[in-house]
2 protein chains.
Amino acid sequence: MKTIKPTESELEILKILWERGDCTVRQVHEQFASDKDVGYTTILKFMQIMHTKGLVARDESNKTHVYRAAVSRDVAEQQLVNKFIKDLFDGSATRLVMQALGNHRASNSELAKIRQLLNDLENKK
Amino acid sequence: MKTIKPTESELEILKILWERGDCTVRQVHEQFASDKDVGYTTILKFMQIMHTKGLVARDESNKTHVYRAAVSRDVAEQQLVNKFIKDLFDGSATRLVMQALGNHRASNSELAKIRQLLNDLENKK
DNA sequence: TTGGATATACGAAACTCTTCGTATATTTAC
DNA sequence: GTAAATATACGAAGAGTTTCGTATATCCAA
């Protein structure tokens with residue numbers, strides 16, 4: 001099972017596909033252009049490259065192709081988090097968690113959610 | 001305050017400097033070469049580029065320059081984690097934590113450490 | 001039916017990253 | 001003192017990323 005390694009632009013496009021579901025190039029471009037000033041053919045090119053890389057699949061049965069992410073968001077997040085932990089934290093998920101929680105203030109309800117997960121993890125063991 | 005954006009190779013060199021302290025190019029290359037087959041001048045070039053980017057500082061008073069990381073490990077980790085959370089998790093540190101803990105098994109003592117941090121965070125608020 | 005809007009494909013320029021070779025200076029060792 | 005070892009600097013090739021322009025096909029509307 002190969003792990004994905006999207007560029008920053010590719011990740012942005014994947015996020016749009018994950019959030020909105022299947023999209024045409026035009027739809028992705030509209031979303032993209034609400035943030036950044038980037039041409040239509042630039043997005044088209046990105047998505048063509050992503051297609052050759054296997055990051056997206058597309059339905060070509062109509063003139064206007066419809067794209068979808070070829071990886072689920074959950075799997076992609078797993079792979080990217082794993083790599084991030086390996087690269088920066090020598091494989092220690094705990095160090096990442098400490099750093100993340102130390103720098104961002106989480107609401108009490110979020111903290112409760114994490115505490116719940118901690119409990120589940122301990123019980124499962 | 002500008003945020004750093006090291007490439008993968010640059011990050012590996014920073015990690016060596018953080019772990020071993022100040023180093024010559026030769027020392028970094030030795031460490032690097034224990035993993036990967038890469039030439040001396042390649043590492044030299046990386047470190048020269050990192051110097052122009054401000055990622056490292058160097059003492060040039062001797063012929064053999066001595067390099068040090070220009071940014072502390074803690075600050076670098078903060079910045080990189082923040083960017084990672086922004087790029088992949090829409091700014092939610094909690095989502096990152098859930099994903100990280102869900103995929104990696106942490107020991108009980110590690111879970112206890114995280115629980116302690118959670119308590120501190122709640123009390124501090 | 002013809003012209004404008006909309007699609008894809010392709011090519012290429014500008015940048016960055018990775019990788020080394022080579023030129024040159026300095027130190028060391030015989 | 002000269003040759004080998006060790007440094008830095010520089011240039012450049014090759015790959016990948018970002019960005020569009022242009023060519024070409026297709027659909028729709030007057």
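Each chain gets a letter, A, B and so on, in the order the sequences are listed, and its residues count up from 1. Just so it is clear, the model here is predicted, and its values are computed rather than measured.
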A.B. asks: Taking 4.0 Å as the cut-off, does a side-chain nitrogen or oxygen of Q48(B) come that near to OP1 or OP2 on dC10(D)?
C.D. replies: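 No, because none of the side-chain N or O atoms of Q48(B) sits under 4.0 Å from OP1 or OP2 of dC10(D).
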A.B. asks: Have a look at T64(A) and say if it touches a base, only the backbone sugar-phosphate, or nothing, with a 4.0 Å heavy-atom cut-off.
C.D. replies: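 Sugar-phosphate, no base atom in range.
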A.B. asks: Pick the closest DNA chain C nucleotide for G39(B) and for V25(A) by heavy atoms, then say which residue is nearer the 5' end.
C.D. replies: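 It is V25(A) whose nearest nucleotide is closer to the 5' end.
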A.B. asks: If you compare every side-chain N and O of R58(B) against the phosphate oxygens of dA7(D) (OP1, OP2), does one of them come in below 4.0 Å?
C.D. replies: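 For R58(B), the contact criterion (side-chain N or O under 4.0 Å from OP1 or OP2 of dA7(D)) is not met.
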A.B. asks: Tell me, do I13(A) and L55(A) make a side-chain contact under 4.5 Å, heavy atoms counted?
C.D. replies: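 They are not in side-chain contact.
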A.B. asks: For the pair made of CD in E8(B) and P in dC17(C), what is the distance, rounded to whole Å?
C.D. replies: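 Distance check: E8(B) CD to dC17(C) P gives 12 Å.
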A.B. asks: Between T41(A) and dG21(D), is there a contact of a side-chain N or O with OP1 or OP2 at under 4.0 Å?
C.D. replies: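 Checking dG21(D) against T41(A), no side-chain N or O comes under 4.0 Å of OP1 or OP2.
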A.B. asks: Using a strict cut-off of less than 4.0 Å between a Lys/Arg side-chain nitrogen and an Asp/Glu carboxylate oxygen, indicate whether R73(B) and D90(A) qualify as a salt bridge.
C.D. replies: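 A salt bridge is present here (some side-chain N lies under 4.0 Å from a carboxylate O).
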A.B. asks: Does dT6(D) have its OP1 or OP2 closer than 4.0 Å to a side-chain nitrogen or oxygen of R26(B)?
C.D. replies: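 No, no such contact exists.
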A.B. asks: Determine whether Q27(A) and R20(A) make a side-chain contact, defined as any pair of heavy atoms from C-beta on separated by less than 4.5 Å.
C.D. replies: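 The answer is yes, as the side chains (C-beta and beyond) meet within the 4.5 Å cut-off.
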A.B. asks: Heavy atoms under 4.0 Å, any strand shown: does S9(B) hit a base, just sugar-phosphate, or nothing?
C.D. replies: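 Answer is sugar-phosphate: S9(B) comes under 4.0 Å of backbone atoms only.
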A.B. asks: Would the base of dT6(C) count as contacting K63(A) through its side chain, where contact means a donor and an acceptor less than 3.5 Å apart?
C.D. replies: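 Between dT6(C) and K63(A), which were checked side chain against base, a qualifying N/O pair under 3.5 Å is present.
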A.B. asks: Check this for me: does any side-chain nitrogen of one of R115(B) and E122(A) sit under 4.0 Å from a carboxylate oxygen of the other?
C.D. replies: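 A salt bridge links R115(B) with E122(A).
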A.B. asks: Kindly say whether, by distance alone, the side chain of K45(B) makes a donor-acceptor pair under 3.5 Å with the base of dG11(D)?
C.D. replies: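 When only heavy-atom distances are counted, K45(B) does reach the base of dG11(D) through a donor-acceptor pair under 3.5 Å.
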A.B. asks: Return the value, rounded to whole Å, for the distance between atom CD1 of I49(A) and atom C1' of dC10(C).
C.D. replies: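 Atom CD1 in I49(A) sits about 12 Å away from atom C1' in dC10(C).
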A.B. asks: Strictly below 4.0 Å: does Y40(A) bring a side-chain N or O up to OP1 or OP2 of dT8(C)?
C.D. replies: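 Yes, because at least one side-chain N or O of Y40(A) sits under 4.0 Å from OP1 or OP2 of dT8(C).
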A.B. asks: Under 4.0 Å from OP1 or OP2 of dT18(D): is there any side-chain N or O of T7(A) that close?
C.D. replies: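 True: T7(A) side-chain N/O within range (under 4.0 Å) of dT18(D) OP1/OP2.
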A.B. asks: Just the rounded figure in Å: distance from P of dA7(D) to CD of E30(B).
C.D. replies: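 Atom-to-atom, E30(B) to dA7(D), this comes out as 9 Å.
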A.B. asks: Indicate the ring-plane relationship of H51(A) and Y67(A), choosing parallel, tilted or perpendicular according to the 30° and 60° boundaries.
C.D. replies: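 Geometry flag for Y67(A) against H51(A): perpendicular rings.
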A.B. asks: If you assign D37(B) and K53(B) each to the DNA chain C nucleotide with the nearest heavy atom, which residue ends up on the more 5' nucleotide?
C.D. replies: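 Checking each residue's closest nucleotide, the 5'-ward one belongs to K53(B).
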A.B. asks: Nearest whole angstrom, please: distance from the C1' of dC20(C) to the CZ of F46(B).
C.D. replies: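 It works out to 11 Å between those atoms.
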A.B. asks: Rounded to the nearest angstrom, tell me the gap between atom CG in L44(A) and atom P in dA5(C).
C.D. replies: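 Taking CG of L44(A) and P of dA5(C), I get 19 Å after rounding.
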A.B. asks: Provide, to the nearest angstrom, the distance between the NZ atom belonging to K36(A) and the P atom belonging to dT17(D).
C.D. replies: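 Spelled out: NZ on K36(A) to P on dT17(D) is 16 Å.
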A.B. asks: Let me know the distance between NZ of K5(B) and P of dT16(C), rounded to the nearest Å.
C.D. replies: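 Distance, rounded to whole Å: 11 Å.
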A.B. asks: Without decimals, in angstroms, what is the distance between E12(A) CD and dT17(D) C1'?
C.D. replies: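 For the pair E12(A) CD and dT17(D) C1', the rounded distance is 14 Å.
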